[in-house]
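Note on naming: letters A, B, ... go to the chains in the order of the sequence lines (proteins, then strands), and numbering restarts at 1 for each one.
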Amino acid sequence: MEPFQRVTSIPTPFLRDNVDTDVIIPAEWLKTVSRSGLAKGAFSSIRTLENGDPDPESVFNQPAYKDSQILVAGDNFGCGSSREHAAWALADLGYRCVIAPDFADIFASNAFKNGILTISLDADIVAELAAEGEAGRALVVDLDAQTVTRADGQCHPFTLDPFRRRCLLEGLDEVGLTLQNHGPAIAAFEERQKLEMPWLYRG
Amino acid sequence: MSNPETLYDKIWRRHEVAKSDDGSALIYIDRHLVHEVTSPQAFEKLELDGRKVRRPDAALAVPDHNVPTTDRSQKIADPLSKKQIDLLRDNVKRWNIELYDMLDSRQGIVHVIGPEQGFTQPGLTLVCGDSHTSTHGAFGALAFGIGTSEVEHVLVTQTLTLKKSRNMRVTVNGILPKGVTAKDMALAIIGKIGTAGATGHVIEFTGDAVRSLSMEGRMTLCNMSIEAGGRAGLIAPDETTFAYLKGRPFTPKAGQWEQALSVWKTLYSDDDAVFDKDVTLDASEIEPQVTWGTSPEQVAPIGAVIPDPTIFEDAGKQEAASRALAYMGLQPGMPLESIAVDHVFIGSCTNSRIEDLREAASVLRGKKIASGIKQALVVPGSGLVKHQAEAEGLDKVFLDAGFEWREPGCSMCLGMNPDKVPPGARCASTSNRNFVGRQGPGSRTHLLSPAMAAAAAITGHLTDIRTIARLEEGAA
């Protein structure tokens, strides 16, 4: 996983509440067996006109946000399905950070596993940050300092689960970490459970 | 005396492998259901990293999302779907994981077959790369959906690093009126608390209306927990649960059965356990529900009219309602019962079990679907449900009425296989999500119960099942 330290970018303002994973990446795109190449399908129902052409009104088609790495979103972002394809699609679009009042649990976890930082802030602050994006001003997201800083220097601190913070900062491989730190504890758990509930162990 | 605990607290504590100072814990995962859509990248990565599947015996695999529901002896037409299913076959063979393949009578929707085989059991932790894994909470198992990276983590380590959710209790007291089902209860709860009402929480459903539900009804209720944002849904196991599980292939056999029961009977929330959030509903006030928008919280009793977006206090909700009505092609003030439908879908992990099919068939017996209906599909949840229904003659009831009787799979719930609702068409659906484009690009979905779906099929428009029932009583 690519480590996350600091990202400076004009944020994409997308303040819609309850954006679900079917909107982020529709089911027809889930037939891939790869993690990459999903940018094309990302937000397709709101990026595309009925005739199939790109909708110039859509924020995701505007040149100002072409290289944006920060998405400023509405409440309950990523609700719905567990598809990690939603996080892969955002990563493929170039996003490293999503700021919203709150996130659906599974989406937040998937984002984190793919090096995307999700930041929860008060809805009022989120609205102000979206306005920065509309004005074409960049934000600085600093994970080490746990702050989002505006062009005028105004700084908004955020909290984050310490485990997630460390994994993101160091780009840690979580599977390797678990095996390395907890291998014997897992084996011991299984030995005990095998005695208590032998029917859970087949062969 | 130890601290009082909720059911969730108990299951969590019994699965802690390691605790961290930062509040997270390494939780042991007892059961893992695997399907073709969210697993290929997990298998690929673990192989790439030179790692192994730790406990193939704790996993069970089935293709369900992509499978065609028509003649299975034919090849899969879509090359991408075929590739995912072929890859699942390769991966489970490579790692010695049990698979119910497409021609196996045990094949079906992952959340139907787990309980059906007794793979799902009280007190276990169970995961699957699918958000509707919450279904299995009906058995008092801590069951939740995970992403593909977590699928890989479970395959390799049989654990997950998790932060504990908060406890929420939803109590439904009283008796459900005639014609009102577990699906209506689930939709009414979501209507009340909203689609983010349980975010960050595990919901425990309780109260006499919940305890009176069959296992099928409880699964429908827990299935929809995720639509309220809940990490999982739970119902404490009781005699109904034990009776359902006894004698199923994976459940403990004689000798071990008593041992299992003694553990399962400790799985309840202590009387003085503390919940972070408490919601109560009166079952007698719940009416048949139907969604009108593009989020499950945009729901109303069937007798209502389409709301004017301005009645919502929150600006975000107003905007969402306006956008939803534009997409759905509906106007404020229209009675829900006046909405004509083009398609009817009875199926999905929410409502494709034998009881659901019986409920729909009882409405359809001796009737025909309305001439305006372009397609009416019944997709049983599993091969075993299909066989049971056929043994009861339900297939004939559906076929005589004008429904198509299909092979099991996820089908038109999300349209990954050829079963799609065309752009602009309207579907009365027993599934779980009415999101934009969910049943196919441009599709319009109204979520409802199997009985209500059957009623809509007969009349050609959204219909109060209680009216049909009354008419029949009058005629009898």
Undergrad: Under 3.5 Å, is there a donor-acceptor pair between the side chain of B:Gln84 and the main chain of A:Thr32?
TA: yes
Undergrad: Top residue by heavy-atom pair count (under 4.5 Å) with chain A, among B:Asp21, B:Leu414, B:Leu26, B:Thr38?
TA: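 Answer, by heavy-atom pair count under 4.5 Å with chain A: B:Leu26.
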Undergrad: Going by heavy atoms in the side chains, are B:Lys45 and A:Val175 under 4.5 Å from each other?
TA: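 Heavy-atom side-chain distance check fails, nothing below 4.5 Å.
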Undergrad: Salt bridge check: are B:Asp78 and A:Lys31 linked by an N-O gap of less than 4.0 Å?
TA: yes
Undergrad: Heavy-atom pairs under 4.5 Å with chain A: which of B:His65, B:Lys420, B:Arg54 has the most?
TA: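 Highest number of pairs under 4.5 Å: B:Arg54.
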Undergrad: Would you kindly say whether B:Thr159 and A:His182 are connected by a side-chain donor-acceptor distance under 3.5 Å?
TA: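 Note: B:Thr159 and A:His182 side chains miss the donor-acceptor criterion.
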Undergrad: Does any backbone or side-chain atom of B:Arg433 lie under 4.5 Å from a heavy atom of chain A? Answer side chain, backbone, both or neither.
TA: side chain
Undergrad: Looking only at non-hydrogen atoms, find the nearest pair between B:Gly145 and A:Ser82 and report the distance.
TA: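 Heavy atoms only, the tightest pair is C-CB, 4.4 Å.
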Undergrad: Can you tell me how far apart OG (A:Ser45) and OH (B:Tyr327) are? Round to the nearest 0.5 Å.
TA: 7.5 Å
Undergrad: Minimum heavy-atom separation for A:Arg202 to B:Pro56, with atom names?
TA: NH2-O, 4.5 Å
Undergrad: With a 4.5 angstrom heavy-atom cut-off, which part of B:Lys253 approaches chain A: side chain, backbone, both or neither?
TA: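 For B:Lys253, neither part sits under 4.5 Å from chain A.
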Undergrad: Taking A:Ile186, A:Asn181, A:Val23 one by one, which has the highest count of heavy-atom pairs under 4.5 Å against chain B?
TA: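 That would be A:Ile186.
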Undergrad: I'd like to know which of B:Ser39, B:Cys128, B:Ala260 tops the heavy-atom pair count under 4.5 Å against chain A.
TA: B:Ala260
Undergrad: Pick from B:Leu124, B:Asp130, B:Thr148, B:Leu80: which one has the most heavy-atom pairs with chain A under 4.5 Å?
TA: B:Thr148
Undergrad: Heavy-atom distance under 4.5 Å between the side chains of A:Gln193 and B:Asp30, does that happen here?
TA: yes
Undergrad: Tell me which of these, A:Asp20, A:Asn76, A:Leu30, has more heavy-atom pairs under 4.5 Å with chain B than the rest.
TA: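 With the most close heavy-atom pairs to chain B, the winner is A:Asp20.
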Undergrad: Against chain B, work out which of A:Ser44, A:Ala27, A:Ala86 has the most heavy-atom pairs shorter than 4.5 Å and name it.
TA: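 Greatest number of close heavy-atom pairs with chain B: A:Ala27.
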Undergrad: Thinking salt bridges, do B:Arg14 and A:Glu196 make one under a 4.0 Å N-O criterion?
TA: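 No, B:Arg14 and A:Glu196 are not salt-bridged.
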Undergrad: Checking A:Asp173 against chain B: side chain, backbone, both or neither under 4.5 Å from a heavy atom?
TA: side chain
Undergrad: Between B:His153 and A:Lys113, is there a side-chain heavy-atom distance shorter than 4.5 Å?
TA: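 Side chain of A:Lys113 against side chain of B:His153, heavy atoms only: no contact under 4.5 Å found.
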Undergrad: Please report the closest heavy-atom contact between B:Gly147 and A:Asn110, naming both atoms and the distance.
TA: CA-OD1, 3.1 Å
Undergrad: Please state whether the side chain, the backbone, both or neither of A:Phe163 comes within less than 4.5 Å of a heavy atom of chain B.
TA: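 Contact with chain B is through both the backbone and side chain of A:Phe163.
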Undergrad: Sort A:Glu174 into side chain, backbone, both or neither according to what part of it lies under 4.5 angstrom from a heavy atom of chain B.
TA: both
Undergrad: How many angstroms lie between CG in A:Asp22 and OG1 in B:Thr294, if you round to the nearest 0.5 Å?
TA: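 Interatomic distance, A:Asp22 CG to B:Thr294 OG1, rounded to 0.5 Å: 11.0 Å.
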Undergrad: Under 4.5 Å from any heavy atom of chain A, what part of B:Glu98 do you find: side chain, backbone, both or neither?
TA: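 The side chain, not the backbone.
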Undergrad: Evaluate the side-chain proximity of A:Glu84 to B:Gln41: yes if any heavy-atom separation is below 4.5 Å, no if none is.
TA: no
Undergrad: Checking B:Gln121 against A:Trp199: is there a side-chain donor and acceptor pair closer than 3.5 Å?
TA: yes
Undergrad: Looking only at heavy atoms, which two atoms of B:Ser131 and A:Ser81 are closest? And how far apart?
TA: OG-CA, 3.5 Å
Undergrad: What residues of residues 48-64 of chain A sit under 4.5 Å from chain B when you count only heavy atoms?
TA: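 Contacts with chain B: none.
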Undergrad: Chain A heavy atoms under 4.5 Å from B:Pro252: which part of the residue, side chain, backbone, both or neither?
TA: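 B:Pro252 touches chain A through backbone and side-chain heavy atoms alike.
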Undergrad: Working to the nearest 0.5 angstrom, can you tell me the gap between A:Arg164 CZ and B:Lys163 NZ?
TA: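 A:Arg164 CZ to B:Lys163 NZ: 8.5 Å, rounded to 0.5 Å.
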Undergrad: For the NZ atom of B:Lys52 and the CG atom of A:Leu179, what is their distance to the nearest 0.5 Å?
TA: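 Rounded to the nearest 0.5 Å, the NZ-CG separation comes out at 10.5 Å.
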Undergrad: Looking at CG of A:Asp161 and OG1 of B:Thr161, how far apart are the two atoms once the value is rounded to the nearest 0.5 Å?
TA: 10.0 Å
Undergrad: So for atom NZ, which belongs to B:Lys164, do other residues, nucleotides or ligands contribute more than 12 heavy atoms lying within a distance under 6.0 Å?
TA: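 Yes, because the 6.0 Å sphere around NZ of B:Lys164 holds more than 12 heavy atoms from other groups.
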Undergrad: Is A:Ala187 close to chain B through its backbone or its side chain, or both, or neither, when contacts mean heavy atoms under 4.5 Å?
TA: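 Its backbone and side chain both get close to chain B.
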Undergrad: Roughly how far, to the nearest 0.5 Å, is SG of A:Cys79 from CD of B:Glu297?
TA: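 Going from the CD atom of B:Glu297 to the SG atom of A:Cys79 covers 8.5 Å.
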Undergrad: Select, from B:Ile146, B:Leu87, B:Val436, the one with the greatest count of heavy-atom pairs under 4.5 Å involving chain A.
TA: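 Of the candidates given, the most pairs with chain A belong to B:Ile146.
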Undergrad: Below 4.5 Å, heavy-atom pairs only: which of B:Glu36, B:Arg51, B:His15 has the largest tally toward chain A?
TA: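 Most heavy-atom pairs under 4.5 Å with chain A: B:Arg51.
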Undergrad: Could you tell me if the side chain of A:Tyr201 sits less than 4.5 Å from the side chain of B:Asp57, heavy atoms only?
TA: yes
Undergrad: Name each donor-acceptor pair under 3.5 Å that joins a side chain in residues 89-108 of chain A to protein atoms two or more places apart or in another chain, with its distance.
TA:
| residue | atom | partner | partner atom | Å |
| --- | --- | --- | --- | --- |
| A:Asp92 | OD2 | A:Gly37 | N | 3.0 |
| A:Asp92 | OD2 | A:Leu38 | N | 2.8 |
| A:Asp92 | OD2 | A:Ala39 | N | 2.8 |
| A:Tyr95 | OH | A:Thr12 | OG1 | 2.7 |
| A:Arg96 | NH1 | A:Glu2 | OE2 | 3.4 |
| A:Arg96 | NH2 | A:Glu2 | O | 3.4 |
| A:Arg96 | NH2 | A:Gly115 | O | 3.0 |
| A:Asp105 | OD1 | B:Gly200 | N | 3.4 |
| A:Asp105 | OD2 | B:Gly200 | N | 2.9 |

